[in-house]
Number of protein chains: 2
Amino acid sequence: MATEGLLSQRMARLKSSAIRELLKHSKMDHVISLAGGIPSDALFDFEGLNQATQRAITEQPKNAFQYGLTEGSDTLRVRIAELCALRGVKTHADDMVVTAGSQQALDLVMRSLIDPNDVVVVERPTYLAALQTLELAEARVMSVASDKDGMVVDELETLLHTQRIKAVYLVPNFGNPSGVVLNEARRRQLITLADRYGFVIIEDDPYGELRFTDERNPTLFQLGQEMLGHNDAVIYTSTFSKILAPGLRLGWAILPQWLLHKVATIKQAADLHASSLSQTIAEYYLASGRLPTQIDKIREAYKHKGELLGSLIEQELGDVIAFNKPKGGMFLWARFREPFNTTQWLEKTLEQGVVFVPGEFFFPERPDYATLRFSFATATDEQMHEAVARLKRAL
Amino acid sequence: MATEGLLSQRMARLKSSAIRELLKHSKMDHVISLAGGIPSDALFDFEGLNQATQRAITEQPKNAFQYGLTEGSDTLRVRIAELCALRGVKTHADDMVVTAGSQQALDLVMRSLIDPNDVVVVERPTYLAALQTLELAEARVMSVASDKDGMVVDELETLLHTQRIKAVYLVPNFGNPSGVVLNEARRRQLITLADRYGFVIIEDDPYGELRFTDERNPTLFQLGQEMLGHNDAVIYTSTFSKILAPGLRLGWAILPQWLLHKVATIKQAADLHASSLSQTIAEYYLASGRLPTQIDKIREAYKHKGELLGSLIEQELGDVIAFNKPKGGMFLWARFREPFNTTQWLEKTLEQGVVFVPGEFFFPERPDYATLRFSFATATDEQMHEAVARLKRAL
């Protein structure tokens with residue numbers, strides 16, 4: 001459908017031009033980027049990817065280059081179900097659709113689930129590209145605040161007293177941009193509310209594996225199963241982009257029976273199926289057993305980077321900027337202690353040669369201009385030291 | 001958006017179950033399939049694909065596995081512009097979006113172009129999956145007949161006297177399922193009408209290279225440029241699926257300036273970008289210079305298969321079935337001379353061990369039950385002899 005005049009159109013434009021600007025500047029040698037939401041390709045398991053690719057094109061060339069099933073290859077879906085089981089997501093190959101990254105999983109879910117003006121509640125701040133899919137589906141987006149323990153579910157409960165909602169979208173683990181984790185009590189409360197008020201939870205989990213501690217919460221999917229005795233209340237989406245390689249464009253959605261066929265039908269119209277080559281490579285990669293080691297490697301590297309960035313900011317900028325230490329993922333979300341506009345500040349930091357993403361772009365409404373998102377995934381230690389020094393000079 | 005109750009929902013269901021049934025039976029050893037719309041993987045250039053893949057993952061591993069640009073890689077878009085130039089489509093890398101096959105190109109175009117209830121005119125019969133994208137965009141689909149020279153543009157002109165339309169969708173070269181080519185006079189007439197009545201033409205061209213003769217018509221895109229002096233009236237979509245490998249999921253859309261940004265914005269929300277790995281492989285494959293030879297090989301093989309199937313049907317079933325000899329592409333579209341229901345007949349041919357696609361599924365309205373589509377792309381010579389003998393026995 002056409003997209004004029006809807007909620008986040010303005011933000012999409014802003015983001016689009018801002019990101020373009022940032023990327024343009026990020027490519028300049030002297031600019032250090034703490035802006036991008038991309039994983040570090042210095043950590044990619046090129047050896048394992050290479051081996052898996054060799055096997056895909058020599059052992060299964062026809063499968064790798066021919067059309068495939070809309071819902072994804074049988075073998076890959078079995079492997080993904082195994083991977084999900086390790087996360088406490090007990091599912092079956094038949095309950096999922098393989099997608100072009102979790103971005104497509106979100107788009108397909110919104111297209112199949114949302115009728116125009118259906119209310120979808122998101123966290124404030126939230127993942128911007130999810131808002132774009134909600135806008136395309138003509139959802140009416142409402143938001144509740146998020147704090148250091150994730151979405152403030154009490155606020156959602158208050159909203160539910162007067163407002164019928166269709167779905168809640170959230171990233172419960174190390175969200176983009178907030179980096180926080182939804183605590184277990186709130187997870188349970190959310191499941192109870194979903195059951196009582198008849199909405200569906202869209203649990204978007206690209207970063208769950210990338211935790212820096214052994215602390216681990218049950219997934220909403222698992223709690224839904226345990227507390228309600230069925231899988232109808234939670235849609236679980238995830239991706240290989242942050243744990244393997246985003247260039248493969250592979251993600252997945254675990255879907256309740258009542259939505260599965262509709263999502264598959266729209267997937268067929270959208271692009272027939274995900275890349276057969278990428279799927280065959282992922283099959284062999286998962287079969288190789290290298291993924292757990294690779295995830296450990298990424299966790300360790302990001303933990304170091306996240307801690308370093310945190311300590312540098314605390315040391316150099318701690319009197320003006322507050323933040324929670326990241327416990328996983330790729331992002332450090334910060335907030336100026338005094339009223340401040342980080343979008344305007346970006347011009348100054350650009351002059352000094354460092355970029356981030358201003359926080360306002362992640363708010364569906366009531367933007368907090370004092371916030372900003374740093375990514376620590378791609379910068380080297382040296383670059384982080386230099387970046388924080390430059391940020392300080394830009395104050 | 002939700003999809004209940006719309007025009008082709010019934011057809012999608014029918015098709016879905018029919019195709020599932022067919023696929024199930026096609027997998028049984030004794031059943032010969034003339035049903036699938038897939039290219040012959042016996043003709044894939046595995047050597048060239050293998051070489052291109054090796055170069056992609058060894059020379060550009062980071063580009064192949066990392067996130068990329070929404071509109072597609074710069075290099076690939078330049079290569080595609082060169083490929084288009086050979087087809088008479090003079091374009092520029094900046095005027096295109098690389099997509100997950102032409103299926104996604106159609107979905108993105110419909111999502112960005114169509115407001116609910118906008119009228120889109122298609123051929124009767126037409127490509128079914130295009131109807132699915134139109135349904136998702138909530139278009140009001142109207143149709144005009146097609147004959148041996150393609151869409152009957154006179155009929156469209158009559159319609160335009162009383163009906164405002166937003167777009168015309170057609171496959172002008174060796175269309176699926178009809179196999180016919182829109183002749184040049186009608187192409188020119190269509191461009192004139194687009195200009196006079198202010199609609200846009202969606203020229204879907206997956207099969208244009210697969211012609212069996214040297215006869216070649218200018219593309220609608222080219223005629224639009226020449227006759228109108230601008231690129232605003234024609235959207236051109238195509239794919240690597242029929243000339244290289246569908247499993248890569250790579251296609252493209254050449255877009256007028258007034259639509260380009262909107263398509264790219266929706267592409268970003270839909271799946272961020274096409275597989276980086278597939279794009280890097282396609283770059284190296286195109287650079288290798290093997291594509292023209294590969295296209296010649298496919299043309300020659302399909303020409304032989306198309307002629308063989310034609311002559312067998314003429315010989316064995318010519319008294320009951322009429323058809324036009326295919327001049328390109330992958331399909332032979334046929335029609336029983338007397339009133340007949342090919343959907344019902346499919347049950348009998350299945351018993352004999354041969355399947356096709358009943359024609360009714362390709363009609364957005366007023367289905368012609370006496371029609372059917374044969375694909376000659378994948379069956380061997382022996383299988384085609386046997387298939388036609390079985391069809392005869394099923395009469």
Side-chain angles (χ1 to χ4, degrees), chain A residues 1-3 12-13 16 36 38-39 41 44 46 49-50 53 57-58 61-68 99-101 103-104 106-107 111-116 129 132-133 135-138 241 244-250 262 265-266 268-281, chain B residues 1-3 12 16 36-39 41 44 46 49-50 53 57-58 61-68 99-101 103-104 106-107 111-116 129 132-133 135-138 241 244-250 262 265-266 268-281:
Chain A
M1 84 240 48
T3 58
R13 271 200 305 277
S16 176
I38 67 175
D41 46 39
F44 287 177
F46 288 116
L49 286 164
N50 196 317
T53 306
I57 64 175
T58 53
K62 290 190 180 183
N63 281 344
F65 291 115
Q66 184 56 284
Y67 282 119
T99 58
Q103 184 66 39
Q104 191 189 41
L106 296 180
D107 189 43
R111 290 177 86 177
S112 54
L113 181 69
I114 306 300
D115 288 302
Q132 292 178 301
T133 67
E135 174 191 327
L136 287 170
E138 301 185 51
S241 294
L244 185 56
L248 296 173
R249 305 307 304 122
L250 279 185
K262 205 163 176 182
T265 302
I266 296 179
Q268 187 179 42
D271 62 1
L272 300 182
H273 61 82
S275 161
S276 309
L277 179 60
S278 292
Q279 291 188 68
T280 314
I281 292 170
Chain B
M1 82 240 48
T3 58
S16 176
I38 67 176
D41 46 40
F44 287 178
F46 288 116
L49 286 164
N50 195 316
T53 306
I57 64 176
T58 53
K62 291 191 179 183
N63 281 344
F65 291 114
Q66 184 56 283
Y67 283 118
T99 58
Q103 185 65 39
Q104 191 190 38
L106 297 181
D107 189 44
R111 290 177 86 176
S112 55
L113 181 68
I114 306 299
D115 288 302
Q132 292 177 301
T133 65
E135 174 191 329
L136 287 170
E138 300 185 52
S241 295
L244 184 56
L248 296 173
R249 307 307 304 125
L250 278 186
K262 204 163 175 182
T265 302
I266 296 179
Q268 186 179 43
D271 62 0
L272 301 181
H273 61 81
S275 161
S276 309
L277 179 59
S278 293
Q279 291 188 67
T280 315
I281 292 170

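Everything quoted here is computed from the prediction, not taken from an experiment. Letters A, B, ... mirror the listed sequences (proteins, then strands); counts begin at 1.
A donor-acceptor pair under 3.5 Å is formed between the side chain of Arg249(A) and the backbone N or O of Asp271(B). Using modelled atom types, one side-chain atom of Gln103(B) and one backbone atom of Ala269(A) make a donor-acceptor pair closer than 3.5 Å.
Separating the CD1 atom in Ile57(A) from the CZ atom in Phe46(B) is a distance of 10.5 Å, to the nearest 0.5 Å. In this structure, CG on Asn63(A) lies 9.0 Å from CG on Asp41(B), to the nearest 0.5 angstrom.
Per-residue counts of heavy-atom pairs under 4.5 Å with chain A were compared for Lys62(B), Gln104(B), Gln66(B); the largest is that of Gln66(B). Contacts with chain B were tallied for Ala100(A), Pro39(A), Pro61(A), Gly247(A); Gly247(A) has the most, counting heavy-atom pairs under 4.5 Å. In terms of heavy-atom pairs under 4.5 Å with chain A, the best-connected choice from Ala274(B), Pro246(B), Ser276(B), Ala245(B) is Pro246(B). Contact count against chain A (heavy-atom pairs under 4.5 Å) is highest for Asp107(B) among Thr99(B), Asp107(B), Leu277(B). Interface remark: of the candidates Ala64(A), Ala270(A), Ser278(A), Ala270(A) forms the most heavy-atom pairs closer than 4.5 Å to chain B.
Counting heavy atoms from C-beta outward, Leu250(A) and Gln279(A) have side chains that approach closer than 4.5 Å.
Scanning both residues, Leu244(B) and Phe44(B), for their nearest heavy atoms gives O-CD2, 3.9 Å.
In this structure, the portion of Ile281(B) lying under 4.5 Å from any heavy atom of chain A is its side chain and not its backbone. The contact between Thr53(B) and chain A is made entirely by side chain atoms (from C-beta outward), counting heavy-atom distances below 4.5 Å. Only the side chain of Thr58(B) comes within contact range of chain A, judged by heavy atoms closer than 4.5 Å.
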